[in-house]
Amino acid sequence: LFGVARMTVRNEIAQLASEGVLDAQPGRGTFVQAPPRTAYEVGASYTLSTSAGSKTPGARLLSQSATQASDSLAAWLEIEPGSPAVTIERLRTTDGEPVGIERVALPLDRFPGLETVSLENDSLYRVLEERWNLRRVNLEARAAAVLPSSEDATLLGITESTPCVALQMTNRDENRAVFEVGNAIYRGDRYELLLHHDARMTVWRS
């Protein structure tokens, strides 16, 4: 069809397979290799973790605004209902490709002016540490396998049948005060969780 020798095609396919672009499976065919998943440590900065893995992190700010905490959000943040809070929603990318959507809320009384800080391509945790001397100490998180909503699927560039990983988290500082709560959804084909557990820190209670 293209006027190229069969051996030339085979050699090029073998070269692309050796580079990880193609996956040649004997008896089945040759397929485009799925992008490798990147492992992210739960609770770590997405920006710093992605950069450490020799990949380029990115973010598209979907919304960032001040609001009055509803009863449910106030309970989650452990503040009084109606207290000011800032909500942030960002589309996370790795090497320019959408990977996840993060939606978080923080108490605005503790971080005044945060609703105006540019977080398009910066680490939220770095900003909190540098501007407000925050020291993160404890993270509670839950993970579950889910299917994305139609809106999230569109933002992530996937179908509604693509498996995703959903996270719900609560972050506390050195005084055990909640400073951030939120939830996120990540593409299952591009994201995997990295967990650490030190058995020496385990306390058994009867």
Q) Who pairs with Ala14 by side-chain contact (heavy atoms from CB on, under 4.5 Å), at least two apart in sequence or on another chain? A) none

Q | Joint hydrophobic cluster, Tyr125 plus Val86, side-chain heavy atoms closer than 4.5 Å | A | yes

Q: Identify the heavy atoms of Ile79 and Pro84 that sit nearest to each other, and give their distance.
A: CD1-O, 4.5 Å

Q. Is the number of heavy atoms from other residues, nucleotides or ligands under 6.0 Å of Glu80 CD greater than 12?
A. no

Q: Measure the CG-CG distance between Leu124 and Leu106 for me, rounded to the nearest 0.5 Å.
A: 6.0 Å

(Q) Please give me the minimum heavy-atom distance between Arg60 and Leu155, naming the atom from each residue. (A) NH2-CD2, 3.9 Å

Q.
With heavy-atom distances below 4.5 Å as the criterion, would you say the side chains of Leu128 and Leu114 are in contact?
A. yes

Q: List the steps and the verdict of salt bridge (charged side-chain N to carboxylate O under 4.0 Å, His left out) for Arg92 and Glu97.
A: CA-CA 8 Å; Arg92 290 298 205 166; Glu97 185 174 1; over 6 Å; no

Q: Find out if a path of hydrophobic residues (ILVMFWY) with successive side-chain heavy-atom gaps under 4.5 Å connects Met7 to Leu1.
A: no

Q: Verify the cluster assignment for Leu134 and Val137: are they in a single hydrophobic cluster under the rule of side-chain heavy atoms below 4.5 Å apart?
A: no

Q: Answer yes or no: are there more than 12 heavy-atom neighbours, outside Glu78 itself, under 6.0 Å from its atom CD?
A: yes

Q. Hey, which of Ile88, Thr87, Thr116 is the one that makes side-chain contact (heavy atoms from CB on, under 4.5 Å) with Gln64?
A. Ile88

(Q) Do Phe179 and Trp132 have side chains that approach each other closer than 4.5 Å (heavy atoms only, starting at C-beta)? (A) no

Q. So do Pro148 and Ile158 actually touch side chain to side chain, heavy atoms under 4.5 Å?
A. yes

Q. Taking it one step at a time, do Val178 and Asn171 satisfy side chain to side chain contact (heavy atoms under 4.5 Å, CB included)?
A. CA-CA 6 Å; Val178 176; Asn171 255 315; over 6 Å; no

Q. Rounded to the nearest 0.5 Å, how far apart are CD of Glu160 and CG of Asp152?
A. 10.0 Å

Q: Please say which of Arg110, Arg135, Arg136 ends up in a salt bridge (Lys or Arg N to Asp or Glu O under 4.0 Å) with Asp173.
A: Arg110

(Q) One pair to check against side chain to side chain contact (heavy atoms under 4.5 Å, CB included): Glu102 and Tyr186. What are the steps and the verdict? (A) CA-CA 8 Å; Glu102 297 176 348; Tyr186 301 100; 2.8 Å; yes

Q | Side-chain heavy atoms of Asn183 within contact of Leu167, under 4.5 Å | A | no

(Q) Is any side-chain heavy atom of Leu62 closer than 4.5 Å to one of Ile101? (A) yes

Q.
Looking at Ser150, is its backbone amide N or carbonyl O close enough to the side chain of Thr154 to form a donor-acceptor pair, meaning the two atoms are under 3.5 Å apart?
A. yes

Q. Is any side-chain heavy atom of Arg187 closer than 4.5 Å to a side-chain heavy atom of Val165?
A. no

(Q) Are there over 12 heavy-atom neighbours, none belonging to Glu151, within less than 6.0 Å of that residue's CD? (A) no

**Q.** Residue among Met169, Arg90, Glu89 satisfying side-chain contact (heavy atoms from CB on, under 4.5 Å) with Val104
**A.** Met169

(Q) Would you compute the distance between atom CG of Leu147 and atom CD1 of Ile185 and round it to the nearest 0.5 angstrom? (A) 8.5 Å

**Q.** Leu91 side chain reached by Leu156 side chain, heavy atoms, under 4.5 Å
**A.** yes

(Q) If I compare all heavy atoms of Val32 with all of Leu22, which pair ends up nearest, and what's the gap? (A) CA-CD2, 4.0 Å

Q.
Between Thr56 and Thr93, is there a side-chain heavy-atom distance shorter than 4.5 Å?
A. no

